[in-house]
Structures are given as structure tokens and as C-alpha cells.
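Notes for the one structure printed next.
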Amino acid sequence: MTQVTIREAVMQDISQLKTLMLAYIVDFYQYRQPEDDKLNGLIHGLLEQKDGIQFVAETDDGTMVGFATLYFTFSTLRASKIAIMNDLFVVEAERGQGTAAKLFAACKGYAARNGYANLTWTTAKDNFRAQAFYDKMGGERNDWQSYSLNPTIGIGD
């Protein structure tokens, strides 16, 4: 079994992190590839840790095998800051080896140490493997329904 270390992402990680993020976006979720400058901007913004932070999972030989992303926001209902775990991704070959649990623990620990009132996340309705994992991690399913829209659709019609 490969030994994996979890740590905060740093500038030297950009190349490998970008490759992992593209595997997550394009291969896993089947979304279209984002523009290069937008993905680079996102990564650099997260490295600055103003609106979020990324953790990476790295093997002893320096290969990145996963990442998790937290974004920082506020909850009016809690009148406090909260962290949203927007991404938790582990390459297929490392799944089931404990890497996801280590990434999750890093996110949970960060939120606890930094006074966030809540750590929240969503996953696809058909991602049953992730749902089972989050149940095992102690996550509580809630009664809220998620919505999203592209705000530019319909403008100027």
C-alpha cells in the first residue's frame, strides 16, 4: 500500500494539481474543459487562501493522487462563517486505500481549527460511492434541495 501525505497546496504543485483538476472536471464529471486562464486563475486564487484553500494527497515519490477544495462563505442562519467542501477527488487507483478519508479529515480539521460553524458539501445524486463514504464520515443528509442556474442565460432576450 502506498503511503500518502495530505498537505496544503503550494505553488510548486500547480502542474500536477491542474492535471488532477482536469481529470476531475473532464474525465470524472464529464464537464467541458475550462479555459486555461480561468483554471489557472482559480488555482492561484486558492493558493492565496483568501476565498478558499486546497489540500493535496501526495505519495512518497511526489505524485499527487488527490485533492480537496474548501471555499469560505457565510451562513445567515448561523450568523457565522462556514466552509464548503466543493471538491474531494482521488484517482481511481488510490480509491479505497484511505486517501479520501485523509483528505476529508484535513478539511474537517481546518474548519474546526479556524472557527467555521459548519462544513458542508454536496455530491451528485447518482454518486452512490461518494454518498456511502460521506455517510461513513459522519455526514448528515439534510432537507435542503440544491439549485443552480447560469445567470447569463436569458439576458438580452
Side-chain angles (χ1 to χ4, degrees), residues 2 4-10 13-14 16-34 38-59 63-151:
T2 309
V4 174
T5 302
I6 308 301
R7 60 176 176 75
E8 294 179 12
V10 295
D13 297 330
I14 291 175
Q16 284 193 76
L17 186 54
K18 188 173 177 181
T19 298
L20 274 179
M21 290 176 76
L22 287 171
Y24 171 73
I25 296 165
V26 177
D27 300 335
F28 187 77
Y29 274 110
Q30 312 260 315
Y31 273 54
R32 68 174 181 79
Q33 183 168 330
K38 286 186 175 184
L39 186 57
N40 288 334
L42 173 61
I43 293 170
H44 284 276
L46 289 166
L47 289 173
E48 293 171 9
Q49 297 185 10
K50 291 181 183 165
D51 297 322
I53 186 172
Q54 281 189 306
F55 296 94
V56 295
E58 181 179 54
T59 62
T63 303
M64 273 187 217
V65 295
F67 71 95
T69 310
L70 288 181
Y71 290 100
F72 313 139
T73 191
F74 293 88
S75 167
T76 304
L77 296 177
R78 293 178 181 270
S80 191
K81 61 184 183 174
I82 62 170
I84 299 173
M85 186 175 63
N86 203 63
D87 315 303
L88 193 156
F89 176 73
V90 175
V91 297
E92 182 69 36
E94 282 295 317
R95 292 183 192 154
Q97 305 298 313
T99 301
K102 288 180 179 181
L103 283 165
F104 185 87
C107 292
K108 182 179 175 185
Y110 182 91
R113 286 188 309 278
N114 289 281
Y116 288 85
N118 197 33
L119 173 62
T120 186
W121 63 91
T122 59
T123 191
K125 287 183 181 183
D126 63 349
N127 192 343
F128 302 113
R129 184 173 185 168
Q131 292 170 33
F133 170 76
Y134 293 133
D135 290 341
K136 182 176 154 186
M137 294 293 103
E140 297 176 10
R141 296 178 191 225
N142 62 43
D143 295 329
W144 295 88
Q145 177 64 46
S146 296
Y147 290 87
S148 67
L149 65 81
N150 181 335

Would you say the side chain of [Y] lies within less than 4.5 Å of the side chain of [X], judging by non-hydrogen atoms?
| X | Y | value |
| --- | --- | --- |
| S80 | F74 | no |
| T63 | Q16 | yes |
| V65 | Q97 | no |
| V26 | Y31 | no |
| L39 | L22 | yes |
| L119 | M85 | yes |

Is the backbone of [Y] close enough, under 3.5 Å, to the side chain of [X] for a donor and an acceptor to pair up by distance?
| X | Y | answer |
| --- | --- | --- |
| R95 | V90 | yes |
| K108 | M137 | no |
| K102 | V4 | yes |
| S75 | A79 | no |
| N114 | A111 | no |

To the nearest 0.5 Å, what is the distance between [atom1] ([X]) and [atom2] ([Y])?
| X | Y | atom1 | atom2 | value |
| --- | --- | --- | --- | --- |
| N118 | T73 | CG | OG1 | 11.5 Å |
| E48 | I53 | CD | CD1 | 12.5 Å |
| E92 | F28 | CD | CZ | 8.5 Å |
| M21 | F67 | CE | CZ | 5.0 Å |
| T120 | I84 | OG1 | CD1 | 6.5 Å |
| L103 | E94 | CG | CD | 10.5 Å |

(request) Could I get the full list of ring pair (Phe, Tyr, Trp, His ring centres under 6.0 Å) partners for Y29, not counting sequence neighbours? (result) Y24
(message) Quick check with a 6.0 Å cut-off and a 45 degree axis cone: is K81 positioned over the face of Y116's six-membered ring?
(response) yes
(message) Surrounding NZ of K18 (heavy atoms of other residues, nucleotides or ligands, distance under 6.0 Å), is the total greater than 12?
(response) yes
(message) Is it the case that atom CG in N86 sees more than 12 heavy atoms from other parts of the structure closer than 6.0 Å?
(response) yes
(message) Tell me if the centroids of the rings in W121 and F104 come within less than 6.0 Å of each other.
(response) yes
Non-hydrogen atoms of [X] and [Y] that approach each other most closely:
| X | Y | value |
| --- | --- | --- |
| A130 | T123 | CB-OG1, 3.6 Å |
| G96 | R129 | N-NH2, 3.7 Å |
| L17 | I43 | CD2-CG2, 4.2 Å |
| V56 | M64 | CG1-SD, 3.7 Å |
| D27 | Q30 | O-NE2, 3.1 Å |
| L20 | G66 | CD1-N, 3.6 Å |

(message) Under a 3.5 Å threshold, yes or no: a donor from one side chain and an acceptor from the other, between Q49 and E8?
(response) yes
(request) In sequence, state the C-alpha distance, the side-chain angles, and the governing distance for I14 and H44, and then conclude on side chain to side chain contact (heavy atoms under 4.5 Å, CB included). (result) CA-CA 8 Å; I14 291 175; H44 284 276; 3.4 Å; yes
(message) Run Q54 and T69 through side-chain hydrogen bond (donor to acceptor under 3.5 Å, both in side chains) and show every step you take.
(response) CA-CA 4 Å; Q54 281 189 306; T69 310; 2.9 Å; yes
